Amino acid sequence: AAGVIQSPRHLIKEKRETATLKCYPIPRHDTVYWYQQGPGQDPQFLISFYEKMQSDKGSIPDRFSAQQFSDYHSELNMSSLELGDSALYFCASSLGSGNEQFFGPGTRLTVL
Amino acid sequence: GDSVTQMEGPVTLSEEAFLTINCTYTATGYPSLFWYVQYPGEGLQLLLKATKADDKGSNKGFEATYRKETTSFHLEKGSVQVSDSAVYFCALSESGGYNKLIFGAGTRLAVHP
């Protein structure tokens, strides 16, 4: 069965650079969630989209922005990267908000 | 705000031992409760869930019961295997809204032969 696809799987950036993470939800899933997991920490909710509209917002820095496109894939844009942004970024998708979330394998971002 | 507290790890067990990982929650409404498992280098996989009080979630020999009176959702398994070695996260999804997940800190389980 098709799963959530995230790209790239690994990304290395310098401080103050920008990064774009992509998430392709399971086909027909209309809701996407982004989470950030720092080293040895629990995942923290960043932002979610339902039917291409932002549905909820968590602890997402102002330097980050995200959107969901007409094909339901989502992109997380991160600017002015800081060392503390180094983390595993998970995307999850669901069919309708409020239903089971299926997680992607994550993108590991390293900021040097 | 809503929160999840789970026992600290690491938990180290011998194969076939009994496992309990404690999880308690704080929530204003009636959340759904989940256990997720994360194997090394992989993403989060839903292990089991319960959506209302007294529900029991079960999967792959793991069980957890939604206890509203003690605000708990402890994970148990009668006989662990080496392949169960992973990090286990307790999580809740708030009632209403768009159901973002709030995770506990995670408990690392190591099972040795």
Side-chain angles (χ1 to χ4, degrees), chain A residues 1 3-7 9-10 21 23-26 29-60 66 68 74 87-108, chain B residues 1-10 21 23-27 29-52 55 57 59 73 75 86-110:
Chain A
V4 176
I5 297 171
Q6 291 188 245
S7 68
R9 292 293 310 278
H10 301 273
L21 279 53
C23 170
Y24 298 87
I26 291 171
H29 281 196
D30 52 13
T31 306
V32 167
Y33 305 80
W34 285 97
Y35 296 85
Q36 177 193 55
Q37 185 180 26
Q41 298 182 2
D42 56 296
Q44 295 286 321
F45 171 73
L46 292 178
I47 195 166
S48 63
F49 294 88
Y50 170 63
E51 280 292 344
K52 294 156 278 186
M53 299 288 289
Q54 180 182 308
S55 53
D56 199 359
K57 193 172 181 180
S59 50
I60 183 169
Q68 186 179 31
S74 178
L88 196 52
Y89 290 83
F90 287 111
C91 171
S93 74
S94 67
L95 178 59
S97 61
N99 292 313
E100 180 179 342
Q101 296 179 32
F102 294 83
F103 281 79
T107 293
R108 183 170 297 282
Chain B
D2 294 359
S3 65
V4 175
T5 302
Q6 62 183 103
M7 66 186 285
E8 293 185 16
I21 300 178
C23 171
T24 57
Y25 67 90
T26 301
Y30 300 92
S32 295
L33 301 174
F34 307 84
W35 277 99
Y36 281 84
V37 58
Q38 185 176 32
Y39 297 102
E42 297 186 12
L44 295 161
Q45 298 177 28
L46 178 63
L47 182 59
L48 53 84
K49 67 178 180 181
T51 57
K52 61 183 187 296
D55 268 3
N59 186 26
F73 193 56
L75 182 68
V87 180
Y88 292 80
F89 290 95
C90 185
L92 69 80
S93 176
E94 300 164 327
S95 56
Y98 291 95
N99 303 93
K100 64 190 177 193
L101 290 167
I102 296 171
F103 290 89
T107 301
R108 182 174 299 278
L109 169 66

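A note on names: the letters A, B, ... follow the listed sequences, proteins ahead of strands, and every chain is numbered from 1. Worth knowing before you read on, the calculation uses all heavy atoms, side chains too, and leaves out hydrogens, waters and symmetry mates. Everything numeric here is computed off the predicted structure, so don't read it as measured data.
- For B:L101, the parts lying under 4.5 angstrom from a heavy atom of chain A are both the backbone and the side chain.
- Annotation for B:L48 and B:G57: closest pair CD2-O, 3.7 Å, computed over non-hydrogen atoms.
- Only the side chain of A:Q37 comes within less than 4.5 Å of a heavy atom of chain B; its backbone N, CA, C and O stay farther away.
- For A:D56 and A:Q54, the side-chain atoms include no donor-acceptor pair closer than 3.5 Å.
- Contact annotation for A:Y35: only side-chain heavy atoms (C-beta onward) come within less than 4.5 Å of a heavy atom of chain B.
- Neither the backbone nor the side chain of B:Q45 comes within less than 4.5 Å of any heavy atom in chain A.
- Ring orientation note: the planes of B:F73 and B:W35 are close to parallel, at an angle under 30° on the 30°/60° scale.
- For the set A:P43, A:G58, A:P105, the entry with the most heavy-atom pairs within less than 4.5 Å of chain B is A:P43.
- In this structure the side chain of A:C23 reaches within 4.5 angstrom of the side chain of A:V4, judged on heavy atoms.
- In this model, a donor atom of one side chain and an acceptor atom of the other lie less than 3.5 Å apart for A:S55 and A:S48.
- Heavy-atom minimum distance, A:S74 versus A:W34: OG-NE1, 2.9 Å.
- Contacts between A:E100 and chain B at a heavy-atom distance below 4.5 Å involve the side chain alone, from C-beta outward.
- Neither the backbone nor the side chain of B:F34 has a heavy atom closer than 4.5 Å to any heavy atom of chain A.
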